[in-house]
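Letters go in sequence order (proteins before strands), and every chain restarts at 1.
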Number of protein chains: 2
Amino acid sequence: MDNREIILGRALELWSQRGYDAVGVQEIVESAGITKPTMYHYFGSKRGLLDALIDERTEDLRNALAPAASYNGDLVATLESIVRGYFAFARENSALYRMLLAFWFAPADSDEYRAVAARNAAQHESLERLFEAAAKQHGNMRGRQKAYAATFLGMINTYAGLALNGHATLDDQLVYRATHQFMHGIFS
Amino acid sequence: MDNREIILGRALELWSQRGYDAVGVQEIVESAGITKPTMYHYFGSKRGLLDALIDERTEDLRNALAPAASYNGDLVATLESIVRGYFAFARENSALYRMLLAFWFAPADSDEYRAVAARNAAQHESLERLFEAAAKQHGNMRGRQKAYAATFLGMINTYAGLALNGHATLDDQLVYRATHQFMHGIFS
DNA sequence: CGGCCAGTATACCGAACGGTATAGCGCGGC
DNA sequence: GCCGCGCTATACCGTTCGGTATACTGGCCG
């Protein structure tokens, strides 16, 4: 493994455990067994390292929203496959998802927010378009695409957070339950 | 207003805008028009300032969970009054709620997490007991108290986050809609 | 009056912050 | 053989970090 990948891996590990601001460049390069100029050669700045980390390691998460774009009228199946994609990603990239969760409501005037703002906006738009399309079949949903996109993602993140703390398991059963809860509430 | 209150107010303002780690003691005391020893006289440390801020300004939020403790069999009404309490608090203490949201998924090994850990645990326990009690009437809920407590709070926070960014209004209509969505899903 | 004490300021501490100037290394191409 | 270049280290920059030693002030209590 080359130094670039080692740096990315160590930064991810440390930031997910203690936060972006709390872990400095010095500690990351020490943990990676290299020195600062090497890190600055590859990434240019601390912020550049964060951007690279997020850009390069969230591709699978972008793909998880593909079902939203190819909605075919079966809303439950579409939502289920999105939840399945997110849960799989969170399972296989737990440190990264932990960090993304911490950035979820980061202050607007912070590097963390700026690093994920575009990604999050794209996620929301994709889901809003899905609920917009679904509203044509289900008239009573109209006008609430934004709220549904946000609460759908919020539910996914809530369950992911539970799982990261050992209070849930992101398996197919939870995919079904979560989707069913979102569609029909907690009574059924 | 005495210096102690001024310090609390300025710390809240700055932290909610840019994050706890990103704003240092020096900037807070300058913004408050005093010097560091004054702040250290009242709060002992940066962390002590954070603890005091959270302890002293979240009393109304603790009260918002009172309906959970006096559950009388009407789950919808209980949840509605809890949501109403949270929404009112978020409306009237927007900067504080912004900060609490940023701390929601803070790394476990961070001052932010430690500052809100006890509060959040108490919140969850209170809600879990509520859903536990409700499960006696609604058998199909059994065993999911933890998940319901988490997703209920998650939905509240998601809507609060939307409102803080101008995408929603935390009024009685949204109280009704949010509760109804949690109970019966997005279809009705 | 005298003493105490809460509150505040000046000036400072060592450590860590993000970032860089400079120089050397090894390796592929000419 | 040597030039260029990608990569890496030593050593350093100015600034800010959280925190403090010391001293002064004003007001209250005896």
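For A:D2 and C:dG26, the CG to P distance is 19 Å, given to the nearest whole Å. Straight-line distance from the CG atom of A:D21 to the P atom of D:dT16: 16 Å, rounded to whole Å. Here the P atom of nucleotide C:dG18 and the CZ atom of A:F43 are 15 Å apart, to the nearest Å. In this entry the distance linking CD1 of B:I34 with P of C:dT10 reads 12 Å, nearest Å. We find that CG of B:D111 is positioned 15 Å from P of D:dC17, with the value rounded to whole Å.
Put simply, the side chain of B:W104 does not reach to within 4.5 Å of the side chain of A:L101, judged on heavy atoms.
At most 12 heavy atoms of other shown residues, nucleotides or ligands fall within 6.0 angstrom of atom OH in B:Y113.
Of the residues near DNA chain D, A:R4 and B:A22, the one whose nearest nucleotide (by heavy atom distance) lies more toward the 5' end is A:R4.
Pairs of residues two or more places apart, or lying in two chains, that qualify as salt bridge (charged side-chain N to carboxylate O under 4.0 Å, His left out) and include a residue from residues 56-68 of chain A are A:R4-A:E56, A:E5-A:R57. Within the structure, the side chain to side chain donor-acceptor pair (under 3.5 Å) test picks out the following pairs touching residues 158-168 of chain A (sequence neighbours left out): A:Y159-A:Q181. Each side chain to side chain donor-acceptor pair (under 3.5 Å) pair with one or both residues in residues 82-101 of chain B, not counting sequence neighbours, appears once here: B:Y86-B:Q123, B:Y97-B:N157. Legend: side chain to side chain donor-acceptor pair (under 3.5 Å) pairs involving residues 64-81 of chain B, not counting sequence neighbours, sorted by first then second residue: B:Y71-B:Q137. Within the structure, salt bridge (charged side-chain N to carboxylate O under 4.0 Å, His left out) contacts touching residues 102-116 of chain A (residues at least two apart or in different chains) are A:R47-A:D111, A:D109-A:R114, A:D111-A:R114.
Both key distances under 3.5 Å define a Watson-Crick or G-U pair, and stretches of 3 or more such consecutive pairs in DNA chain D run C:1-30 with D:1-30.
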For residues 126-135 of chain A, which side-chain donor-acceptor pairs fall under 3.5 Å, sequence neighbours excluded?
residue, atom, partner, partner atom, Å
A:E132, OE1, A:Q145, NE2, 2.9

Could you pull out every donor-acceptor pair under 3.5 Å between side chains of residues 25-40 of chain A and any protein atom, sequence neighbours left out?
residue, atom, partner, partner atom, Å
A:Q26, NE2, A:E30, OE2, 3.1
A:E27, OE1, A:R18, NH2, 3.0
A:E27, OE2, A:R18, NH1, 3.0
A:E27, OE2, A:R18, NH2, 3.4
A:S31, OG, A:R10, NE, 2.5
A:S31, OG, A:R10, NH2, 3.2

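Every residue meeting the side chain to side chain contact (heavy atoms under 4.5 Å, CB included) condition with A:D171, not counting sequence neighbours, appears here in chain and number order: A:T169, A:Q173, A:L174. Shown here are the ring-ring contact (aromatic ring centres under 6.0 Å, His included) partners of B:Y20, two or more places apart in sequence or in another chain: B:W15.
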Under-3.5 Å N/O pairs linking protein and nucleotides 5-7 of chain C:
residue, atom, partner, partner atom, Å
C:dG7, OP2, B:H41, NE2, 2.7

**Request:** Give the B/S/- string for nucleotides 19-25 of chain C, one per nucleotide from 5' to 3', where a protein heavy atom under 4.0 Å of the base yields B, of only the sugar-phosphate yields S, and otherwise -.
**Result:** BBB----
